[in-house]
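Each remark here refers to the structure printed beneath this line.
Protein chains get the first letters and strands the later ones, always in sequence-line order, with residue 1 at the start of each.
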Protein chains: 2
Amino acid sequence: MAKHEKISEAVVRRLPIYLRYLSYLQQVEVTTVSSQQMGRNLDVNPAQIRKDLAAFGDFGKKGIGYDVNYLVEQIRQILKLTDEIRVALVGAGNLGHAISNYNAYLKDNMRIAAIFDSNPNKVGNELAGLTIQPLDELAETIAAKQIKLAIITVPAPAAQSVCDLLTQAGIKGILNFAPTTIRAPKDVRIHYADVTSNLQSLAYYLT
Amino acid sequence: MAKHEKISEAVVRRLPIYLRYLSYLQQVEVTTVSSQQMGRNLDVNPAQIRKDLAAFGDFGKKGIGYDVNYLVEQIRQILKLTDEIRVALVGAGNLGHAISNYNAYLKDNMRIAAIFDSNPNKVGNELAGLTIQPLDELAETIAAKQIKLAIITVPAPAAQSVCDLLTQAGIKGILNFAPTTIRAPKDVRIHYADVTSNLQSLAYYLT
DNA sequence: TAGATTGTTAATCGATTAACAATC
DNA sequence: TAGATTGTTAATCGATTAACAATC
């Protein structure tokens, strides 16, 4: 790894995209790839790809390109996907159901390991092979199962209090589908994924 | 509106966030808001909020702040949310179900107006008050219903061909949930919302 | 060797933030 | 008037891209 530069969020967001393409190349048994080829396929400037990767180490060979297997291995390590990462999902509504069933697709060493809901009628039900748990078991379960990340799929009014619960339980990364801004301590990363804001910003570009 | 500056994507992504907070203020009957108050609540620098808004017009009053109702009206216009915007959803799987049922929540003049799926067993079924249609009706329906945006919730291998169908049908904005990069003509905006990449980049920040 | 491609520096471009005159 | 807050300019910061020596 090395190269103690500060890595920008933009770089970190591109790494999974690179990884996805490289995994595809593995599948079709391509063993070497150039930044130019990657850039063409991912719509990213080749210089940017080289710079992004070079921030973590000298992964390529001049005149040749990158060894696909080696690069996959390196990016997995950078993203800490070498050990399984367990994820909690809070909110077993429509979206929560969809995402937890989607679980199988996450693979790549990510797994939803616990599901929580505040509704007593849902607690105890099975979902994607897990039993839906009440919120007051959240902290204990997250500690016991060594869960590191969380997905919030509760309605907007509940999102902040769920976020508070999660951060108190030691969660350091949250993917928030609720259509609301949430606040957390600076060392907790929050990514937003709500459909409404996304669509509204797309609307700006119409005609 | 006016101020023929070029508006950056970053600004456009913040406008829906502002709108959401302002709508909340309307609900609780607050009539005036300062950039400082907005910034505190949304975790955005107040100078940035003022600059973002000033790019579209002089919406505030010095010494006073912004009139909430007026600002809501203005941002709605900027985002073209004054007329109903119709959205097509392609892929009636788990996620497609969740999002189309979520439909009611979209409100704010956005509505899923057609649902498509390639699976003949799903075609003809009802979903969120709509009949699932086959892909070969896509172009005609999009034209007839004046659909402007689309959501892709098909498996990754099908995403590019669906994207091609959509752009040929005149769609100018796509929200892509499929875990794959898709290519489209330059005048088509694509936003990515796949869960896996989002989680993977969160993983980077762990310890 | 000739051609290709990296890693890196320098140049460019763009976005964020601070500061403050204008003014309500 | 005094206090508050905008709109805007200038300063800063950061990210992207071009260019090229190094080298496989």
Side-chain angles (χ1 to χ4, degrees), chain A residues 1-15 17-18 21-22 25 30-72 74-75 78 181 186 201 204, chain B residues 1-15 17-18 21-22 25 30-72 74-75 78 181 186 201 204:
Chain A
M1 214 153 291
K3 297 284 190 83
H4 37 66
E5 310 171 28
K6 54 253 155 287
I7 304 299
S8 78
E9 165 136 16
V11 176
V12 174
R13 284 196 169 272
R14 282 191 293 269
L15 291 176
I17 310 301
Y18 300 160
Y21 179 62
L22 292 162
L25 290 180
V30 170
T31 57
T32 301
V33 68
S34 68
S35 59
Q36 194 170 121
Q37 187 189 341
M38 286 183 69
R40 216 175 22 244
N41 279 277
L42 300 176
D43 244 338
V44 179
N45 183 302
Q48 178 148 85
I49 294 175
R50 294 200 298 280
K51 195 162 211 278
D52 286 353
L53 297 174
F56 297 100
D58 287 4
F59 298 151
K61 281 205 182 31
K62 289 174 183 170
I64 307 291
Y66 299 90
D67 181 87
V68 173
N69 289 331
Y70 180 69
L71 195 49
V72 163
Q74 293 303 313
I75 296 182
I78 293 165
T181 302
K186 277 165 305 314
S201 59
Y204 173 79
Chain B
M1 214 153 291
K3 297 284 192 78
H4 37 66
E5 309 171 27
K6 53 252 156 286
I7 304 298
S8 79
E9 166 136 16
V11 175
V12 175
R13 284 195 168 274
R14 281 190 295 267
L15 291 177
I17 310 302
Y18 301 160
Y21 179 61
L22 292 162
L25 290 181
V30 169
T31 56
T32 302
V33 68
S34 68
S35 60
Q36 196 171 118
Q37 186 188 342
M38 286 183 67
R40 217 178 20 248
N41 279 278
L42 300 176
D43 245 338
V44 179
N45 183 302
Q48 178 146 87
I49 294 175
R50 293 200 298 279
K51 195 162 213 279
D52 285 355
L53 296 175
F56 297 100
D58 288 5
F59 298 151
K61 281 205 182 27
K62 289 176 183 169
I64 307 291
Y66 299 90
D67 180 87
V68 173
N69 288 331
Y70 179 68
L71 196 49
V72 163
Q74 292 305 311
I75 296 181
I78 293 164
T181 301
K186 277 163 306 316
S201 57
Y204 173 80

Nucleotide nearest [X] (side chain, heavy atoms from C-beta), chosen from [options]:
X: A/Ile64; options: C/dC24, D/dC24, C/dT8; result: D/dC24
X: A/Tyr66; options: D/dG7, D/dT16, C/dT6; result: C/dT6
X: B/Lys62; options: D/dT23, C/dC24, C/dT8; result: C/dC24

Stretch residues 30-38 of chain B: residues that reach within less than 4.0 Å of DNA chain C through a heavy atom: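 Nothing qualifies; none.
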Length of the line joining [X]:[atom1] and [N]:[atom2], which is rounded to integer Å:
X: A/Ile7; N: D/dA15; atom1: CD1; atom2: P; value: 10 Å
X: B/Ile49; N: D/dT8; atom1: CD1; atom2: P; value: 17 Å
X: B/Asp43; N: C/dT17; atom1: CG; atom2: P; value: 11 Å
X: A/Asp52; N: C/dT8; atom1: CG; atom2: P; value: 13 Å
X: A/Glu9; N: D/dT16; atom1: CD; atom2: C1'; value: 16 Å
X: B/Asp58; N: C/dA22; atom1: CG; atom2: C1'; value: 12 Å
X: A/Lys51; N: D/dA15; atom1: NZ; atom2: C1'; value: 8 Å
X: B/Gln48; N: C/dG14; atom1: CD; atom2: C1'; value: 12 Å

How close do [X] and [Y] get, heavy atom to heavy atom, and via which atoms?
X: B/Gln37; Y: B/Tyr21; answer: NE2-OH, 3.3 Å
X: A/Gln74; Y: A/Phe59; answer: OE1-CE2, 3.5 Å
X: B/Tyr204; Y: A/Ile78; answer: CD1-O, 3.4 Å
X: B/Thr181; Y: A/Ile17; answer: OG1-CG2, 3.7 Å

Upstream residue (5' side of DNA chain D) when A/Ser8 and B/Leu53 are each assigned their closest nucleotide: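 It is B/Leu53, whose closest nucleotide lies nearer the 5' terminus.
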A/Ala10 vs A/Arg50, nearer the 5' end of DNA chain D by closest nucleotide: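 In this pair, the answer is A/Ala10.
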Gap between atom CD1 of B/Ile49 and atom CZ of B/Arg14 - 0.5 Å precision: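 One gets 8.5 Å once the value is rounded to the nearest 0.5 Å.
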Partner nucleotide, any strand, of C/dT12 [Watson-Crick/G-U, under 3.5 Å]: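 Paired with C/dT12, as far as the under-3.5 Å criterion goes, is D/dA15.
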C/dT5: pairing nucleotide in any strand, Watson-Crick or G-U under 3.5 angstrom: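 Across all strands, the one nucleotide that pairs with C/dT5 is D/dA22.
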Reference residue B/Ser35; test side-chain contact (heavy atoms from CB on, under 4.5 Å); the match among B/Arg50, B/Lys51, B/Arg40: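 Exactly one candidate clears the test, B/Arg50.
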A/Gln36 atom CD, neighbour heavy-atom count above 12 within 6.0 Å: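 Counting neighbours around CD of A/Gln36, 12 or fewer heavy atoms of other residues, nucleotides or ligands fall under 6.0 Å, so no.
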